[in-house]
Amino acid sequence: MEEKEPQLVRGLGAWDAGLLTIGSVLGTGIFITTGDIARVLPHPGLILFVWVLGGVFTLAGALTYAELGGMFPRAGGQYQYLKEAYGIFWGFLFGWGAFWVIMTGGIAALAVGFGQYFGAFIPFFSTDNVLFSLPLGFTTWNLNGGQLAGAIAILFLTFINYLGLKEGAGVQNIVTLIKIASILGLAFLGLLVEAKVKPALTSGVPGGSLIGAIGVALIAVLWSYDGWYGATNVAGEMRRPERDLPLGLIGGTIAVTILYTLMNFVYVRALSVEEMAATGRVGETAASALFGPIGGRIITAAVLISAFGCISSTILYAARIYFPMAQDGVFFPALARIHPRYRTPSTSIIAQGIWACLLTFSGTYEQLYTFVVFVVIVFHLATGIAVFVLRRKRPDAHRPYRTWGYPVVPVIFILSSFLLVANTLLEKPVQSLIGVFILALGIPAYYWWKKTSQKTT
C-alpha cells in the first residue's frame, strides 16, 4: 500500500488567528511612532484621531482579506489571492520579494531591534559591543552583540516552529498574551496616576494644512498597523477557516486599535506635543515622566517582549508563503517538503531562518526593505482590488464570508493603500524604482522554474 504524502495539520482556531493577528502587529512601533507623528501633527486630539483612523483603515483591510481567505483557505495568503485573481506569475512576484527581502528583512529588522533592547539588560549583547571585525576593501564588516542576540532569537524561534504547529503557535500565543497584559497594565496605571499634561483634545491645529498633516501622520500610523494580514497565511492550518479566519482577522484588528488608542491616550497625558516630538522613544519617555526611572525600565522590557513576539509570529506565518510556491513549481522544490513527523513546512522554515540570520548579520536589511516598501504597498493595493476582480470572474464561487459593507469597505482599504503608494513614490522615487528592479530579478527565475517543473511532470 502506497504511503500518503504528509499534510499540514489543521490545528488552529479563531483564538489562535486572533492572537496571531495581534502578535503580528504589536512590535516596537507603538513605543516609537507617536514621536514621529507629533512632529508633523502637533496636536494631542488629532494624534489620537489618526491612530483611530488608522485602525478603521486596517479594519477595512481585514474585512476585505477575510472574504479572500474564506474563498481560498490554503497556506500562502496573498500569494494565493494574487494567483487566483491575476495569474500565478503575480503571486510568484509577491512570494519572490517576500522570501528575499519583505518577510526575511522584516524579521531581521525586528531581531536587531530586539537585540538593541536586550543589550540594555545584558551588556554583552549591546550594539556598542563589537564582537568581530572583518576588513572588506573600502569598508569593514562588524558583528555586534545586538546582531548576535537577534540571530539567536531567530534561530530559537525557527527551531520551535520547526517542531510543530502546536509548539510554534503555543509560544506565539503565550508571548502575545504577555504583550497584551503589559500594554493594558501600562495603560491602566498610566490613566490612574495624575496627568503631567492636560491635553486639549478638541482645539484645531495652529496654521499649516490640516489635511496634509493628517495624511503624512496617517502613513506612519498605517505602517505601525502592518502585519494585520499574517493570519491569512496559515488558513491551510485552521480547523474551520471559513469561520476562524474572519473572526481572527477582524477581532484581532479591533483589539490592536483599542490597545494603540489606550497607549496614545497615556502618552498625551504624560508629555506635551513638543516633548513627544523631541524624543525617539516616546513610550520610554512617557513612562519615565509618569512613574520615574523604573517606568523607563518597564517600557524597555515591554518593547523587548513585543519585538520577540513579533519575530515569533512573522516566522510562523511567513514560512507558509514559500511552501505553496514550491508546490506549484515556481520556487525551490525542496521548500515544498512537509516534515513527516512534525507536519510543518520544515524546509521552508529553515531556509527562511538562515536567510533572515544572514540579513541580520549583514546590516543591509534596512536598505533592502526601504527599496521594496513601494512594491509591498502595491501588492496590498492589488489584493484589495482582487475582491472586485474575483466577484466579476467567479460570481458563483463559494464565499463563506462576504465582505461586510461591500463595495464601500474594500474601496476604503484600496484608497488607504493608494495613499501609501502615492506618498512612497513621491517621497522615495529612487528607492521605489530600485524596489521594482529587485522584484524584476525574479522574472527570469520564474520562467526557469516553470520550464524545469514542466520537464519533470
Side-chain angles (χ1 to χ4, degrees), residues 5-12 16-17 19-21 23-24 27 74-80 91-92 94-112 114 150-176 227 229-238 307-361 365 449:
E5 288 289 323
Q7 300 295 316
L8 297 175
V9 179
R10 288 195 176 270
L12 300 178
D16 303 294
L19 288 178
L20 181 59
T21 301
S24 301
R74 308 190 289 265
Q78 273 180 280
Y79 166 73
Q80 300 287 4
F92 164 81
F94 166 75
W96 170 270
F99 180 81
W100 294 113
V101 183
I102 298 168
M103 295 301 172
T104 49
I107 291 169
L110 286 165
V112 172
F114 168 82
I152 291 171
I154 291 172
L155 292 174
F156 172 74
L157 292 168
T158 294
F159 175 68
I160 294 295
N161 278 278
Y162 177 90
L163 292 179
L165 177 67
K166 183 179 177 182
E167 288 75 9
V171 169
Q172 141 66 25
N173 289 352
I174 290 169
V175 177
T176 299
Y229 46 83
T232 63
N233 292 300
V234 297
E237 291 158 282
M238 290 182 185
F308 186 77
C310 214
I311 297 167
S312 175
S313 59
T314 307
I315 287 173
L316 173 63
Y317 77 73
R320 271 69 181 176
I321 298 172
Y322 334 120
F323 159 70
M325 291 171 62
Q327 285 188 321
D328 290 341
V330 292
F331 211 44
F332 300 107
L335 271 59
R337 181 176 184 265
I338 296 175
H339 197 285
R341 177 181 174 186
Y342 303 128
R343 309 277 292 278
T344 57
S346 51
T347 314
S348 184
I349 292 169
I350 291 171
Q352 173 183 258
I354 291 171
W355 182 241
C357 280
L358 290 174
L359 288 178
T360 301
F361 289 137
Y365 61 89
W449 271 310

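Because the structure is predicted, anything quoted here is derived from the model rather than measured. One is the number of the first residue; the rest follow in order along the sequence.
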Engineer: Can you tell me how far apart CD1 (Ile152) and CG (Leu157) are? Round to the nearest 0.5 Å.
Structural biologist: 12.0 Å

Engineer: How many angstroms lie between atom CD1 of Ile354 and atom CG of Leu359, to the nearest 0.5 angstrom?
Structural biologist: 12.5 Å

Engineer: Output the distance between atom CD (Gln352) and atom CZ (Phe323), rounded to the nearest 0.5 Å.
Structural biologist: 14.0 Å

Engineer: What's the verdict on side-chain contact (heavy atoms from CB on, under 4.5 Å) for Arg337 and His339, showing C-alpha distance, side-chain angles and the deciding distance?
Structural biologist: CA-CA 6 Å; Arg337 181 176 184 265; His339 197 285; 3.9 Å; yes

Engineer: Taking the side chain as every heavy atom from C-beta outward, state whether Trp449 and Phe332 have any atom pair closer than 4.5 Å.
Structural biologist: yes

Engineer: Ignoring hydrogens and geometry, is there a side-chain-to-backbone donor-acceptor pair from Arg10 to Ala235 under 3.5 Å?
Structural biologist: yes

Engineer: Quick one: does Glu237's side chain have a donor or acceptor within less than 3.5 Å of a partner on Ala75's backbone?
Structural biologist: no

Engineer: Where do Ser313 and Gly23 come nearest, in terms of heavy atoms and distance?
Structural biologist: OG-O, 3.2 Å

Engineer: Please name the pair of heavy atoms, one in Pro333 and one in Ala326, separated by the smallest distance, quoted to 0.1 Å.
Structural biologist: O-CB, 4.3 Å

Engineer: Which heavy atom of Ala231 sits nearest a heavy atom of Ala17, and at what distance?
Structural biologist: CB-O, 3.9 Å

Engineer: Taking all atoms of both residues into account, what is the closest heavy-atom pair of Ala151 and Cys357, and its distance?
Structural biologist: O-SG, 3.8 Å

Engineer: Can you check whether Pro324 reaches Gln80 side chain to side chain, under 4.5 Å on heavy atoms?
Structural biologist: yes

Engineer: Can you find a heavy atom in the side chain of Thr344 that is under 4.5 Å from one in the side chain of Asn161?
Structural biologist: no

Engineer: Do the non-hydrogen side-chain atoms of Tyr322 and Met103 ever get within less than 4.5 Å of each other?
Structural biologist: yes

Engineer: Classify the ring geometry of Phe308 against Phe114: parallel below 30°, tilted from 30° to 60°, perpendicular beyond 60°.
Structural biologist: tilted

Engineer: State, without any angle test, whether Tyr229 and Gln78 hold a side-chain donor-acceptor pair at a distance under 3.5 Å.
Structural biologist: no

Engineer: Would you give the length of the straight line joining atom CG of Asn233 to atom CD1 of Ile321, rounded to the nearest 0.5 angstrom?
Structural biologist: 4.5 Å

Engineer: Can you spot which of Ile350, Leu335, Leu8 makes a side chain to side chain contact (heavy atoms under 4.5 Å, CB included) with Pro345?
Structural biologist: Leu8

Engineer: Report yes or no: does Ser348 contribute a side-chain atom to a donor-acceptor pair with the main-chain N or O of Ala319 at less than 3.5 Å?
Structural biologist: yes

Engineer: Got Val175 and Ser312 here, is their nearest side-chain heavy-atom distance under 4.5 Å?
Structural biologist: no

Engineer: Might you point out which heavy atoms bring Phe99 and Trp355 nearest each other, and give the distance in Å?
Structural biologist: O-CD1, 3.4 Å

Engineer: Check whether any side-chain heavy atom of Leu165 sits under 4.5 Å from a side-chain heavy atom of Arg343, and report yes or no.
Structural biologist: no

Engineer: What is the minimum heavy-atom distance between Ile107 and Ala356, and which atoms define it?
Structural biologist: CG2-CB, 3.9 Å

Engineer: Between Thr360 and Gly150 (side chain of the first, backbone of the second, donor and acceptor by atom type, cut-off under 3.5 Å), is there such a pair?
Structural biologist: no

Engineer: To the nearest 0.5 angstrom, please state how far the CD1 atom of Ile154 sits from the CD1 atom of Ile311.
Structural biologist: 6.0 Å

Engineer: Using only atom types and a distance under 3.5 Å, with no angle test, would you say the side chain of Gln172 pairs donor to acceptor with the backbone of Leu19?
Structural biologist: yes

Engineer: Atom CE of Met238 and atom OG1 of Thr232: how far apart are they, to the nearest 0.5 Å?
Structural biologist: 8.0 Å

Engineer: Are any non-hydrogen side-chain atoms of Arg320 and Ile349 less than 4.5 angstrom apart?
Structural biologist: yes

Engineer: Would a 4.5 Å heavy-atom cut-off, applied to side chains only, mark Asp328 and Phe92 as touching?
Structural biologist: no

